[in-house]
Amino acid sequence: MSPSYKTAFGSFLKTEDLQGKSVKVVIEKVDVEDVKNDDGVERKLVAHFVGKEKALILNRTNCEMLDQVTGSDDYASWVGHAVVLYPTTTKFGNKTVPCLRIRSAAVAPPPPPPPPVIEDTDDDPIPF
């Protein structure tokens, strides 16, 4: 995928910044910050990531996921946790719009090995 001009503007992450890929990040800090919008300025919870220029404005859905991932609703305790950011879509009114979501960076354990096959040495005609 070629770079887009859409990724060059702003200090907050947008779906275009991930170029359709999931990205593992480590939370460096989470603060309440003044964020400009069409109506002026609004206080928002913002996550910054180690080694990354852009931060993520956290919505309730992403905060609830961070609570699940870290085991705490205290956003100061989210620092140092690794998470995965990924692009997806959500319903906003009657439209489907792009969004960024968070999931655990923990690797799922491998599936258990299949049970061993036991040879039936009995001459029993019942096939189980």
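Taken together through direct or relayed side-chain contacts under 4.5 Å among Ile, Leu, Val, Met, Phe, Trp and Tyr, Val69 and Val79 form parts of separate hydrophobic clusters. Val32 and Leu66 end up in the same hydrophobic cluster when Ile, Leu, Val, Met, Phe, Trp and Tyr side chains are linked at under 4.5 Å.
Annotation: the span from Asp67 atom CG to Asp74 atom CG amounts to 10.0 Å, rounded to 0.5 Å. From Glu53, atom CD reaches atom CZ of Phe12 across 13.5 Å, with rounding to the nearest 0.5 Å. Here Asn59 contributes atom CG and Ile102 contributes atom CD1; the two are 8.0 Å apart, rounded to the nearest 0.5 Å. Remark: Glu64 CD to Arg60 CZ distance equals 6.0 Å, nearest 0.5 Å. Between the SG atom in Cys63 and the CG atom in Asp73 there is a gap of 10.0 Å [rounded to 0.5 Å]. The CD atom of Glu42 sits 11.0 Å away from atom CG of Asp38, with the distance rounded to the nearest 0.5 Å.
Within the 4.5 Å cutoff, no side-chain heavy atoms of Leu58 are placed close to those of Tyr75. Side-chain contact between Lys54 and Lys14 is present, with heavy atoms from C-beta onward closer than 4.5 Å. In this structure the side chain of His48 never reaches within 4.5 angstrom of the side chain of Val30, judged on heavy atoms.
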Tabulate below the donor-acceptor pairs under 3.5 Å that side-chain atoms of residues 82-98 make, not counting sequence neighbours, or state none.
none

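Side chain of Trp78 to backbone of Lys29: no donor-acceptor contact under 3.5 angstrom is found. Checking side-chain atoms of Asp31 against main-chain N and O of Glu33 turns up no donor-acceptor pair under 3.5 Å. Remark: side-chain polar atoms of Asn62 are paired, donor with acceptor, to backbone N or O of Leu100 under 3.5 angstrom.
For Ser22, the side-chain hydrogen bond (donor to acceptor under 3.5 Å, both in side chains) partners at least two apart in sequence or on another chain are Arg103. Under the rule for a side-chain hydrogen bond (donor to acceptor under 3.5 Å, both in side chains), the partners of Asp34 that lie at least two apart in sequence or sit in another chain are Arg43.
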